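Structure, as structure tokens:
No hydrogens, no waters, no symmetry mates; every other heavy atom, side chains included, goes into these values. Protein chains get the first letters and strands the later ones, always in sequence-line order, with residue 1 at the start of each. From a predicted model like this one, the values you see are computed outputs, not experimental measurements.
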Amino acid sequence: MLRGPATETQVTHLQRLWLYILCGLVVLFLVGPTLMVVPMSFSNSRYLEFPPQEWSFRWYRAYFSSLEWRRATAVSFQAASLTMVVATVVGTLAAYGLHVARAKAGRYISILLTLPMIIPVILLAVGIFLSFAPVGLNSTIMGLVLAHSVLAIPLVLITVTAGMRNFDINQEMVARSMGASRPWAFLTITLPQIRNSALSAALLAFIVSLDEVVIALLIAGGDKATLTRRMFLALRDEIDPTIAAISTLLIGFSILMLLVSQLLQRKRD
Amino acid sequence: MSAAEAEPRNKRALERQARKEQAGLLSLSLPAFILVGSLVLVPIAWLFWLSIYGNDGFTLQNYTRMLHPSYRLTLITTFELAFLVTGICILLGYPLAYIGAQLGPRMASLLMLCVLFPFWTSLLVRTYAWLVLLQRRGVINTWLMEWGVIDAPLKLVHNFTGTAIGMVHIMLPFLVLPLYANMKAIDTGLMKAASNLGASPTRAFWQIYVPLTYSGLGAGVILVFVLSLGFYVTPALLGGGRVMMWAMQIERSMAVYADWGAASALGVVLLVMTLSILWAFAKLTGASAATGAK
């Protein structure tokens, strides 16, 4: 592979060896720190070392035996699952409607629906706290799900719209001309073909909710604190090694999600 | 009734039906619209109102207060970090995307997995990793001391340095992904042509290749810059309360001082800064950063 010129302008691989080394270092910078947490989480010491001098499950035991951490994990996964359902259904409906209608108004609506992606999260958090206060939605799962859905809807909209572009909408027209109603045609013809996009979107929505910190910090108090909220507060005060164990579990979960999303994408191409 | 008379009537009926269908399709976005409207648009309008209307009627006090030196310092720190982080991201991200675009499919997808991995990993987990690595008795200080590079541990975290390192780590994928997509689409024949016409590799790179990547680079840069301006989590943890960002000032005004007037005015300023940067970018390039990034 290293024989022959590297680029169209006849630059050789040796001449730009520095570039390869730089890229190697950048990749190390991107991946290394996170992965180092994994072995460190098995350390027996209060000061996490790399590599650990003494291996143990001490911090995993600390996590699993803590009612607070377990409850926070349950709240996070509950909110993320519900957010996934709400955002995917609502976002896919919008993506379908806006794509098929081909109306000028549709463009403005989709710009509006992607606004939560552009507006700084801290501002969304303050605004959502403000509007939840009078209706008593602060510190509830429902409040968390609604707030996180708003964050996830733009991603669902973009992902599903991209999937719709590869789909020939005439197929649905054919089904309808043969007597299928629009919802039936959508469910049996369109949806199966944009399935991978919708699933990718669902995965994204789940991750967005699971990782969200700032909104949860303001609106998820009491026993509805999410995992990330508890982690943030714990980290602000001191570096609790229990978080290394939680992080390792979350890293494993992220890798799983990433692989599934790559698989879905490959199938889509 | 003749066919000629019926035709315009049919046409009108068909148009009416088409309009009805279009309205029906657009109404499918109603649930999403209601959610975003009630949790984003209305609250922001409300925040704007709170920022100009106090207990004694209309006031600009919340805004004039921002002229105070402490606010100015926060604003300077915020922009300093955003510029620094964006600059470092360009320096690190451009070569990475460039090499990625030229690798074979298998190596390229491996490289992109390395870029996507942080993207999918929790923000807090990554920030935590840097806290552990950079702290006084952390891995980096321990190693540097063992190798005899330094005698006393360096102060790497709870300051500007740590914040910048952590932020670059979070923002780098946002720059690399759009840039990589852009570079992948470039016709490499153009470089061959430049070379055939006598351009040196350096000249071909700067005069042909780089201009072709402006759109991807622009999308990435604007995304990193705007996200950095409003960033809260990583600066709050790695800055240790000593590095004050605009977003932290908003949170503090609200959570610590329960001062809605100040929090909302700060929020309005952040929003105006963000939207005007995005708007200027869209005007300059005719593209939207949000759609260019995904």
Per-residue contact mode, B:Gln102 against chain A (heavy atom under 4.5 angstrom): side chain
Selection from B:Leu271, B:Leu111, B:Ile250 maximising heavy-atom pairs under 4.5 Å formed with chain A: B:Leu271
Pairs of heavy atoms under 4.5 Å with chain B: top-ranked of A:Leu22, A:Leu218, A:Leu19, A:Leu130: A:Leu130
Toward chain B, the part of A:Val31 with a non-hydrogen atom under 4.5 Å: both
Engaged part of B:Tyr232 at the chain A interface, taking heavy atoms whose separation is under 4.5 Å: side chain
Interchain contact, B:Ile44 with chain A, by part (heavy-atom threshold 4.5 Å): side chain
side-chain contact (heavy atoms from CB on, under 4.5 Å) between A:Phe132 and A:Leu146, worked out: CA-CA 10 Å; A:Phe132 275 1; A:Leu146 290 177; 4.2 Å; yes
Ring geometry between B:Tyr94 and B:Phe205 (parallel below 30°, tilted from 30 to 60°, perpendicular above 60°): perpendicular
Atom OH of B:Tyr209: over 12 foreign heavy atoms under 6.0 Å: yes
Residue, of A:Gly106, A:Ser131, A:Ala125, that accumulates the most heavy atom pairs under 4.5 Å with chain B: A:Ser131
Under 4.5 Å from any heavy atom of chain A - which part of B:Ala247: both
When B:Thr142, B:Leu275, B:Val268, B:Leu133 are compared by non-hydrogen pairs under 4.5 Å with chain A, the top option: B:Leu133
Structural part of B:Ala236 lying under 4.5 Å from a heavy atom of chain A: side chain
Atom group of A:Val26 that falls short of 4.5 Å from chain B, counting heavy atoms: side chain
Interchain contact, A:Leu93 with chain B, by part (heavy-atom threshold 4.5 Å): both
Part of B:Tyr98 lying under 4.5 Å from any heavy atom of chain A: side chain
A:Leu112 versus chain B, the contacting section by heavy-atom distance below 4.5 Å: both
Largest heavy-atom contact set with chain B, pairs under 4.5 Å, which of A:Ala94, A:Ala95, A:Pro154: A:Ala94
Chain A contact via B:Leu227 - side chain, backbone, both or neither, heavy atoms under 4.5 Å: neither
B:Leu96 side chain reached by A:Val27 side chain, heavy atoms, under 4.5 Å: yes
Mutual orientation of the aromatic rings belonging to A:Phe253 and A:Phe206 [parallel < 30°, tilted 30-60°, perpendicular > 60°]: tilted
Working for side-chain contact (heavy atoms from CB on, under 4.5 Å), residues B:Leu131 and B:His158: CA-CA 9 Å; B:Leu131 265 177; B:His158 295 320; 4.1 Å; yes
Heavy-atom proximity to chain B below 4.5 Å, by part of A:Ile255: side chain
Engaged part of A:Met257 at the chain B interface, taking heavy atoms whose separation is under 4.5 Å: both
Exceeds 12 heavy-atom contacts within 6.0 angstrom, atom CZ of A:Arg182: yes
Most contacts with chain A, counted as non-hydrogen pairs under 4.5 angstrom, among B:Pro173, B:Pro95, B:Gly138, B:Gly189: B:Pro95
Side chain, backbone, both or neither of B:Leu50 within contact of chain A (heavy atoms, under 4.5 Å): side chain
Region of A:Ser110 that comes under 4.5 Å of a non-hydrogen atom in chain B: neither
Region of B:Trp246 in contact with chain A, defined by heavy-atom distances below 4.5 Å: neither
Heavy-atom contact with chain B under 4.5 Å, split by part of A:Leu250: side chain
A:Ser209 side chain to A:Ala205 backbone, donor-acceptor under 3.5 Å: no
Over 12 non-hydrogen atoms of neighbours within 6.0 angstrom of CH2 in A:Trp18: no
Contact class of B:Ser122 relative to chain A, heavy atoms under 4.5 angstrom: both
Proximal component of B:Val139, with respect to chain A [non-hydrogen, under 4.5 Å]: side chain
Heavy-atom proximity to chain B below 4.5 Å, by part of A:Ala244: both
Worked verdict on A:Phe29 versus B:Trp130 for ring-ring contact (aromatic ring centres under 6.0 Å, His included): CA-CA 11 Å; A:Phe29 167 77; B:Trp130 282 111; 5.5 Å; yes
A:Leu210 portion near chain B, given a 4.5 angstrom heavy-atom threshold: neither
Criterion side-chain contact (heavy atoms from CB on, under 4.5 Å) on A:Leu227 and B:Leu124, from CA distance to verdict: CA-CA 10 Å; A:Leu227 190 59; B:Leu124 267 183; over 6 Å; no
Choice from A:Ile119, A:Ile111, A:Val86 maximising heavy atom contacts with chain B below 4.5 Å: A:Ile119
Greatest number of heavy atom pairs closer than 4.5 Å to chain A - which of B:Leu30, B:Leu113, B:Val226: B:Leu113
N/O donor-acceptor pair under 3.5 Å between A:Thr228 side chain and A:Glu212 backbone: yes
Toward chain A, the part of B:Leu172 with a non-hydrogen atom under 4.5 Å: side chain
A:Val126, part contacting chain B, at a heavy-atom distance under 4.5 Å: both
Proximity breakdown for A:Ile109 and chain B, heavy-atom pairs closer than 4.5 Å: side chain
Main-chain N/O of B:Gln135 paired to B:Asn141 side chain as donor or acceptor, under 3.5 Å: yes
Toward chain A, the part of B:Ser27 with a non-hydrogen atom under 4.5 Å: neither
Segment of B:Ile165 engaging chain A (4.5 angstrom heavy-atom cut-off): both
Chain A interface, residue from B:Glu251, B:Glu21, B:Arg137 that has the most non-hydrogen pairs under 4.5 Å: B:Arg137
